[in-house]
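Worksheet: the structure to be examined is printed underneath.
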Amino acid sequence: MNNQQSLLQWYLLNKRDLPWRNTQNPYLIWLSEIILQQTRVAQGLPYFLKFAQKYPQIESLARAPEDEVLKLWQGLGYYSRGRNMLKTAQFIVEHLQGQFPNSYAELIKLKGIGPYTAAAIASFAFNEAVAVLDGNVFRVLSRFFAISDSIDSVSGKKLFSALANDFLNKSNPALHNQAIMELGALICTPQNPSCAICPLQTNCLAFVQGNPNQFPVKSKKVQTKKRYIAYFHFNYNGKIAVFKRPPGGIWHALYDLPYLESDEPLQKKDWFSQALNKNWLEPKQTLDLIFEKKHILTHQHIYAQFYRVNLTQIPHLQFNETWLNPSELSKLGVSRLLDLYLQKNQAEPIHLL
DNA sequence: AAGCCGGGGGG
DNA sequence: CCCCCAGGCTT
């Protein structure tokens, strides 16, 4: 048996039973691939089930309001995926008669579909002979061939892309692509790979050399930034001031509370005086610290404090804010951080005045 | 080419 | 604390 055959045999015996593997419907496969971008299967699975249930066809997704899609996407992160997904659904329904493109060349033209996702849909739904290249494939191939070219350089990507297409089993691209990714997810893991039970063990150069942990090679490193944010829960007759976050930063298109920000930690009196300067409140008013949370993201650590202010008149907040009651706000997508606060606030309501 | 975009799980 | 996950878009 050659390497491709060993890989396929291993896959057929050991694959996980995942819902998007039981269909060739390009819409459902696309849905799963968008959700799974930079996202573990265990985290994305419940979202796939929710979306497939609520939007069984591309037409129902295309009709959905953006706020509804983002509420369903809430907690999954990388929210531009959800907005691009909606735009692409609308494009396909309005301009392609609802028919999903059936080739890599056409798929990659769509918003939110890059080289990986185009290859995944083209092969899984239409059995096109194009290799997927994701984090799993980078890892498997870099170890199998002991390649030290960095996977986040342009030249490295070209090299691995050529290698992946060379390694592709042209007689069964759909199964081969799923198999090599599954191998990366279950056997050829980032740390402590299970080489002892790997179907490619005997021909794996890194295993022979005894250094699989040295692959793959990455050159870029992420540096995290610390942010200190004071959120203001302005309460007026049971309504709360919120605004839709603008383009150009984190949580674009999600709803949020008015806030102040600093590069270094500040105390309540500092936030209070800043808010006073902006005429968000009056000197006689008080800030109640309700909730503190260190919110950890890949590229930033947010030290958040949530202050509640009970108002007797509506201030001008400069956020294009709207005033919503809790049931209205509960229908809108918010960050995981704000969701935590709102949940806590609901569990321990403040009985005021 | 580099920076940015979330949240979570595992070592 | 670190890593990275069925990546893609913008500058």
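Worth saying up front: this structure is predicted, and the values here are computed from it rather than measured. Every chain is numbered from 1 and lettered A, B, ... according to where its sequence line falls, protein lines coming before strand lines.
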A:His252 near the nucleic acid: base, sugar-phosphate alone, or nothing, with a heavy-atom cut-off under 4.0 Å?
nothing

For the side chain of A:Asn192, starting at C-beta, report the closest nucleotide among C:dG7, B:dG11, B:dG7.
B:dG11

Name the residue closer to the 5' end of DNA chain B, choosing between A:Leu254 and A:Asp152 according to the nucleotide with the nearest heavy atom.
A:Asp152

Does C:dG8 have its OP1 or OP2 closer than 4.0 Å to a side-chain nitrogen or oxygen of A:Ser80?
no

Taking OP1 and OP2 of C:dA6, is either one under 4.0 Å from a side-chain nitrogen or oxygen of A:Trp30?
no

Does A:Phe215 offer a backbone N or O that forms a donor-acceptor pair with the side chain of A:Arg143 under 3.5 Å?
yes

What is the nucleic acid contact for A:Gly184, judged by heavy atoms within less than 4.0 Å: base, sugar-phosphate only, or nothing?
nothing

What nucleotide among B:dG6, B:dG7, C:dA6 has an atom nearest to a side-chain atom of A:Thr39?
B:dG6

Provide, to the nearest angstrom, the distance between the CZ atom belonging to A:Phe138 and the P atom belonging to C:dG8.
11 Å

Separation of A:Leu45 atom CG from B:dG8 atom C1', in whole Å?
15 Å

G-U wobble or Watson-Crick pairing nucleotide for B:dG6 (cut-off 3.5 Å, both distances)
none

When we call it a touch if two heavy atoms are under 4.0 Å apart, what does A:Ser153 touch: a base, just sugar-phosphate, or nothing?
nothing

Rounded to whole angstroms, how far apart are CG on A:Asn213 and P on C:dC4?
11 Å

Does A:Ile113 or A:Gln43 map to a spot on DNA chain C nearer the 5' end, using the closest nucleotide for each?
A:Gln43

Of the options B:dG7, C:dG7, C:dC4, whose atoms approach the side-chain atoms of A:Thr298 most closely?
B:dG7

So, OP1 or OP2 of C:dC9: does either fall under 4.0 Å of a side-chain N or O from A:Tyr78?
no

Base, sugar-phosphate alone, or nothing: which one does A:Val41 contact when heavy atoms must sit under 4.0 Å apart?
sugar-phosphate

Heavy atoms only, 4.0 Å cut-off, all strands: where does A:Gly44 land among base, sugar-phosphate and nothing?
nothing

Quick one: are A:Trp20 and A:Leu28 in side-chain contact, heavy atoms under 4.5 Å?
no

Start at the 5' end of DNA chain C and walk down; is the nucleotide closest to A:Ala185 or to A:Asn84 reached first?
A:Ala185

Decide ring pair (Phe, Tyr, Trp, His ring centres under 6.0 Å) for A:His176 and A:Tyr11; before the verdict, give the C-alpha distance in whole Å, the side-chain angles of both, and the deciding distance to 0.1 Å.
CA-CA 9 Å; A:His176 173 93; A:Tyr11 175 69; over 10 Å; no

Separation of atom CD1 in A:Ile296 from atom C1' in C:dC1, rounded to whole Å
10 Å

Distance-only side-chain donor-acceptor flag, A:Gln305 / A:Trp271, under 3.5 Å:
yes

Quick one: label A:Gln223 by what it contacts on the DNA or RNA (base, sugar-phosphate, nothing), any heavy atom closer than 4.0 Å.
nothing

For a quick check of understanding: with a heavy-atom distance under 4.0 Å over all strands, which category does A:Ser32 fall into, base, sugar-phosphate or nothing?
nothing

Counting only side-chain nitrogens and oxygens, does A:Gln37 get under 4.0 Å of the OP1 or OP2 atom of B:dC5?
no

To the nearest 0.5 angstrom, please state how far the CG atom of A:Asn127 sits from the CD atom of A:Gln24.
7.5 Å

Quick check for you: among C:dC4, C:dA6, C:dG7, whose closest atom lies nearest to any side-chain atom of A:Gln38?
C:dG7

Taking the P atom in each of B:dG8 and C:dG8, what is the distance between them to the nearest angstrom?
22 Å

Using the C1' atom in both, what is the distance from B:dC5 to C:dC5, to the nearest Å?
14 Å

Of the listed nucleotides (B:dG6, C:dA6, C:dC4), which one gets closest to any side-chain atom of A:Pro190?
C:dC4

Would you say a side-chain N or O of A:Arg139 is under 4.0 Å from OP1 or OP2 of C:dC5?
yes

Quick check on A:Lys50: does its NZ atom have over 12 non-hydrogen neighbours (other residues, nucleotides or ligands) under 6.0 Å away?
yes

Give the ring-plane orientation class for A:Tyr341 versus A:His233, where under 30° counts as parallel, over 60° as perpendicular and anything between as tilted.
perpendicular

Output yes when at least one side-chain N/O atom of A:His299 is less than 4.0 Å from OP1 or OP2 of B:dC4, else no.
no

Any sub-3.5 Å donor-acceptor pair from A:Gln4's side-chain atoms to A:Phe167's backbone N or O?
yes

Pick the C1' atom in C:dC4 and in B:dG6, then give their distance to the nearest Å.
13 Å

B:dC5 base / A:Arg81 side chain donor-acceptor hit below 3.5 Å:
no

Expressed in angstrom and rounded to an integer, what is the separation of A:Gln191 atom CD from B:dG10 atom P?
12 Å

Once you apply a heavy-atom cut-off of 4.0 Å, does A:Arg336 come out as touching a base, just sugar-phosphate, or nothing?
sugar-phosphate

Take the protein atom CD1 of A:Ile187 and the nucleotide atom P of C:dA6, then report the distance between them rounded to whole Å.
14 Å

Applying a 4.0 Å non-hydrogen cut-off, can you work out what A:Trp20 is touching in the nucleic acid: base, sugar-phosphate, or nothing?
base

